[in-house]
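Counting convention: from 1, in listed order, for ligands and their atoms alike. Just the heavy atoms: all of them, side chains too, but no hydrogens, waters or symmetry mates, feed the values below.
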Amino acid sequence: MLAIVYQGKGSIKVEDVPIPEINPNEILLKVRAASICGTDLKIKSFGHFKNPQDKKMILGHEVAGEIAEVGSSLKGFSKGDRISLAPNIGCGVCWQCINGQSNYCEDYEAIGISMDGAFAEYMRIPSRYITQGNIVCLPSTISFEEASLGEPLSTVVCGAEAVNIAPPDVVLIVGAGPMGVLHVMMAKLRGAQKVIVSEINEARRKQALDFGADIAINPEAENLKDVVVGASYGRGADVIIIAAPSGKAQEESLELAARQGRINFFGGLPKGRDTISFKSNIVHYKHITLSGTTGQSLSQYRKAIEIIASQRIDVKKLISGRYSLKDAEKAFERAISEDTLKIVFNM
Ligand SMILES: [Zn+2]
Ligand SMILES: [Zn+2]
């Protein structure tokens, strides 16, 4: 079968590799759609701390497909079932896992990150994915490529729940890449009265408006604080989500937030540039709640799939290009471009 294999920092290759063999307690998935994540691009360039030996590995963790083979000791699944899966598995026994938040398990593992992933014609699903509830049987109203986008949407569910967006919040989203526009749609769905997007790239600002933002501004050309204050009856943004790798944006968010504002540092900062400074008293006197989120819990993953299946968020609109596995180089190249949102491999 064809697969996109990470070769070590800086390189991927399309290789012909054997179809994985499964144990009696595993599933073989015929991958039908898998989308490229910012994490895949980062792994391609810099590797991943979960792969300390920098070993060769099939990338990809945003995936949906059909069951090709069910291990002989498994019940409840059949060949042909349409499924997708949450990519992270926790250890299952730590405090975070017991609390249902395997995304904060210190010993998590994930397809495409610490084991072979989804950019392949077939993928082995290890038994822990099955026993821990990572697999979701897809409703008929969701396509494979939409289901592959359930993973990025679920991280947005996680971020939006942390700041509890509700009417009549005025929401500021910094950054209008794929995650930023998903946040725009999620904020609207949760009842934000106004969504303001701050983004320096013009094409991305236009995209943000197409995805439902009420205002999209270039913070280098306009005064963001004036716009936020003007759009929020003078109080500042009730919710701020930083979906860009910008320490400056994180620092400034405290000034832009309303009293009792909730802020989510959704995007991580590049290594070595992850120190910021701010006036602590702003947090104190304004009663700011500051959170950071990463990944998703299993329930948040299921919510994302149901939100897509119920057509409350149209993730198809994010697909900027469709590729076959053999065009991996082109697809990865395209995924880096600023006006690209999501790239999907169809098998
Ligand atoms: Zn992802
Ligand atoms: Zn754990």
Distance-only polar pair, side chains of R259 and Y285, donor-acceptor under 3.5 Å: no

R322/E145 salt bridge by N-O under 4.0 Å criterion: yes

N88 and S102: side chain donor to acceptor below 3.5 Å: no

Side-chain ion pair, R82 and E66, N-O less than 4.0 Å: no

Reported NZ-to-CG distance for the pair K326 and D16, which is rounded to 0.5 angstrom: 14.0 Å

Angular separation of E62 OE2 and H61 NE2 about the Zn ion (ligand 1), given to 10°: 120°

Close side-chain approach of F345 to D327, heavy-atom, < 4.5 Å: no

Name of the E151 atom (N/O/S only) found closest to the Zn ion (ligand 1): OE1

Total protein N/O/S atoms whose distance from the Zn ion (ligand 2) is less than 2.8 Å: 4

4.5 Å side-chain heavy-atom contact, S84 and V63: no

